[in-house]
Structure formats: C-alpha cells, structure tokens
Amino acid sequence: FLLKQHLRHVFLLFLLVFTVAIWIPKLQYISEGSRLTDNILENDSFRRQPVDEWTLKQISNMQDPGEYLAVYWLENRFGEKDIHITSESILDMRKRWERAKGWGRYLSACQAVWDDLVYFPVASSGSPDTDVTFEDSWMFDRTYKEDRGHEGTDIMSTENKRGILPVVSMTDGVVQNKGWLELGGYRIGIRSPHGAYFYYAHLDSYADIEEGDEIKAGDLLGFMGDTGYGTEEGTRGKFPVHLHLGIYIYDDDKEISVNPYPALKYLEDKRLGFQAS
C-alpha cells in the first residue's frame with residue numbers, strides 16, 4: 001500500500017513538473033505577445049522611437065534597420081530596459097515575436113519609418129560659418145493659436161539666414177504635397193516607398209519640383225527659411241530660420257506622428273555637400 005501511495009505521489013509530481021515545463025514558456029509568450037496591442041502604434045512609447053547611442057551604431061550600416069528596431073523595442077519594452085542586441089541574435093528573437101498577433105502590422109510601421117532613410121535632410125552649404133543644430137524637441141509646448149505638442153524636430157541654422165541651407169529629401173519617394181500652410185509655411189510632403197510621409201516645413205523657396213514628381217534621396221527640395229505662422233502666404237520672420245521635420249505613418253486611415261529625432265541622429269553622419277549651380 002505504501003509503495004502504491006509513493007508511486008502515486010511520484011506520478012503526480014511528474015505531471016506537475018511536466019505541466020509547468022509546458023505552460024511557463026506559453027505564459028511567457030502570451031505575456032510578451034500582449035505588448036503587440038491593437039493600439040501599439042498610437043502609444044507614446046512607440047511614437048517616441050527611443051534608440052540609444054550603442055544601438056544607433058549597431059544599425060548604422062544596416063540596409064533594413066526597421067526589422068532590427070522592431071525586435072529591439074519589444075525586447076527592451078520601448079526603452080524601459082537597458083539591453084544590447086547584436087545583429088546575430090536578432091533573428092532568433094524575431095522568430096519568437098513573429099508568432100504574436102499584430103506582428104506584421106507593427107513590423108511594417110517600423111520599416112516605413114526606418115528602411116527608406118538615406119541622407120540627413122539639410123545639406124552643407126559650403127560656408128564654414130553656417131551649420132545646423134538640433135535637439136529632441138518631441139512634444140515640446142507650442143502655443144500659436146492653441147496649445148499643442150510639437151510633433152517633429154526643429155533643425156536650426158546657426159547663422160539664422162534664410163535661403164542659404166539646402167534642404168534635400170531623406171528618401172526616395174513621390175511629392176504628395178507642396179504649397180503654403182498657415183503653420184508650416186512653404187512645405188513639401190514626400191511619400192516614401194514603404195509608405196511613411198516626410199514633412200519638410202518653413203522653406204524659404206522651392207526647387208523645381210511639383211506634386212506627383214518622383215524624386216531620389218538627396219534631391220534638392222528647396223532652401224531653409226522662416227515662413228509660416230500666418231494666414232497670408234509668404235509670411236516670414238515669426239521665428240528663427242529652421243527646418244521643421246515631421247514623420248508620419250498611416251494605420252487604418254489614422255495619421256500617426258512619430259519622433260524624428262532618433263532618425264536624424266542615425267543620419268547625422270550621412271550629410272551631403274551641395275553647390276548651387
């Protein structure tokens with residue numbers, strides 16, 4: 001009797017260990033997969049696009065950094081954990097995430113922002129006295145006509161002279177919008193091949209391009225200026241000379257802005273020289 005009772009206890013213990021061994025990985029997968037929520041692309045954590053210096057160097061020569069960053073953000077909970085992921089380990093990590101519901105949609109959004117990037121949007125003018133500076137101004141307060149968050153990055157001219165610094169396309173794409181906006185002044189919007197919308201605002205003047213034109217990364221769009229903040233076309237001088245850069249993705253017909261600062265840091269060393277003809 002005692003032997004049977006002992007064997008029964010051993011069998012029950014085996015079943016418990018076996019069940020735990022099966023369900024712990026499943027529960028962990030369900031927990032991790034739950035980060036891919038239906039509104040993940042609208043979450044502040046995703047829209048901030050947090051990338052540390054080590055990771056920027058890791059992706060600097062990748063042709064498709066979007067896939068790497070898609071995994072990187074899920075693994076570090078969008079910057080909550082300090083982790084370093086090598087390009088060799090990213091493939092195994094992806095296999096785990098790609099089973100989760102919503103992975104394809106999320107991956108496409110990451111690729112839209114990152115995989116078409118080629119050049120920094122302000123080329124060198126050739127003048128040693130004129131350069132640019134920029135900081136992470138994502139969601140800083142803006143008060144023209146109404147309080148709102150700053151959905152972009154301002155690239156400032158050190159010389160504060162309009163019409164000097166060339167603005168070039170960061171990506172291949174198609175000119176979707178060109179013309180005057182009260183907030184953005186003279187602006188151009190480029191739709192890149194993966195579907196993101198790159199918004200260049202406050203231009204002083206345009207290059208010879210029109211809506212519908214196909215352009216290549218590095219093509220001249222115009223020159224940095226200080227237009228905008230006025231209902232009258234051509235309003236200037238309401239703020240210092242700068243380029244406002246915005247990046248937008250589209251999901252279920254929703255326009256979602258994302259922080260351009262990490263992408264600009266990624267492109268900081270990929271800046272063209274420019275000579276006016």
Side-chain angles (χ1 to χ4, degrees), residues 117-171 173 175-190 197-210 215 217-248 257-277:
L117 299 174
V118 181
Y119 294 119
F120 190 79
V122 182
S124 171
S125 68
S127 169
D129 298 323
T130 305
D131 206 348
V132 295
T133 62
F134 63 100
E135 64 176 349
D136 190 352
S137 56
W138 178 247
M139 289 300 160
F140 280 17
D141 291 339
R142 292 293 186 267
T143 57
Y144 177 74
K145 289 203 170 180
E146 63 179 357
D147 293 338
R148 64 188 184 283
H150 186 231
E151 295 185 342
T153 298
D154 289 337
I155 304 172
M156 310 301 297
S157 167
T158 57
E159 197 175 5
N160 198 35
K161 288 186 178 180
R162 62 177 73 108
I164 302 298
L165 284 166
V167 176
V168 301
S169 181
M170 301 164 70
T171 68
V175 179
Q176 183 167 317
N177 292 298
K178 175 189 174 184
W180 181 263
L181 288 178
E182 181 178 352
L183 285 178
Y186 290 122
R187 64 62 164 102
I188 285 184
I190 307 294
Y197 181 76
F198 290 79
Y199 172 77
Y200 307 81
H202 309 310
L203 300 178
D204 182 63
S205 60
Y206 293 116
D208 185 19
I209 52 177
E210 301 296 337
I215 61 169
D219 282 355
L220 180 67
L221 302 179
F223 288 86
M224 187 186 291
D226 56 351
T227 59
Y229 280 24
T231 55
E232 182 179 347
E233 182 172 342
T235 300
R236 288 175 165 83
K238 299 292 186 179
F239 39 72
V241 172
H242 71 281
L243 172 70
H244 170 94
L245 175 72
I247 301 177
Y248 298 83
S257 59
V258 298
N259 186 4
Y261 179 78
L264 289 170
K265 293 296 290 183
Y266 168 75
L267 294 171
E268 197 168 17
D269 296 329
K270 300 172 183 179
R271 189 174 176 189
L272 292 172
F274 180 84
Q275 292 182 344
S277 57

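Computed from heavy atoms alone, side chains included, the values below leave out hydrogens, waters and symmetry copies.
Ring geometry for Phe120 versus Phe134: interplanar angle of 30 to 60°, hence tilted.
How far OG1 of Thr133 is from CG of Asp154: 10.0 Å, rounded to the nearest 0.5 Å. Going from atom OG1 of Thr153 over to atom CD of Glu135 covers 9.0 Å, rounded to the nearest 0.5 Å. Atoms CZ and CD, on Arg142 and Glu151 in that order, are 11.5 Å from each other to the nearest 0.5 Å. Atom CH2 of Trp138 is separated from atom OH of Tyr261 by 14.5 Å, given to the nearest 0.5 angstrom. Taking CG of Leu181 as the reference point, atom OH of Tyr229 lies at 12.5 Å (rounded to 0.5 Å). Atom CG of Leu183 is separated from atom CZ of Arg148 by 5.0 Å, given to the nearest 0.5 angstrom.
The only member of Asn259, Leu264, Val258 that meets side-chain contact (heavy atoms from CB on, under 4.5 Å) when paired with Ile247 is Val258. With Ser157 as reference, Met224 is the one residue of Met224, His242, Arg162 to meet the side-chain contact (heavy atoms from CB on, under 4.5 Å) rule. For the pairing with Tyr186, the side-chain hydrogen bond (donor to acceptor under 3.5 Å, both in side chains) check across Glu233, His202, Lys178 returns one residue only, Glu233. With respect to Pro121, the side-chain contact (heavy atoms from CB on, under 4.5 Å) criterion is satisfied by exactly one of Val132, Leu221, Ile155: Ile155. Considering Arg187, Met170, His244 as possible partners of Tyr200, the one that fulfils the side-chain contact (heavy atoms from CB on, under 4.5 Å) test is Met170.
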Test Thr235 against Glu182 for side chain to side chain contact (heavy atoms under 4.5 Å, CB included), laying out the working first. CA-CA 9 Å; Thr235 300; Glu182 181 178 352; over 6 Å; no

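The two residues Leu272 and Gly218 come nearest to each other via the heavy atoms CD1-CA, 3.5 Å. Considering every non-hydrogen atom in both Arg271 and Val122, the closest pair reads NE-O, 2.8 Å. Among all heavy-atom pairs drawn from Ser137 and Gly152, the shortest one is OG-O, 3.5 Å. Considering all non-hydrogen atoms of both residues, Ala123 and Leu165 come closest at O-CD2, 3.9 Å. Smallest separation of non-hydrogen atoms from Gly230 and Tyr144: N-OH, 3.6 Å. Between Ile190 and Gly173, the shortest heavy-atom contact is CG2-CA, 3.9 Å.
Taking the side chain as every heavy atom from C-beta outward, Val167 and Leu203 approach each other to under 4.5 Å.
Crowding of Lys238 atom NZ: a count of heavy atoms from other residues, nucleotides or ligands under 6.0 Å not exceeding 12. Tyr119 OH: 12 or fewer foreign heavy atoms inside a 6.0 Å radius.
Judged by distance alone, the side chain of Asn160 and the main-chain N or O of Val241 form a donor-acceptor pair under 3.5 Å.
Side-chain contact, Asn177 with Tyr197: a donor N or O sits under 3.5 Å from an acceptor N or O.
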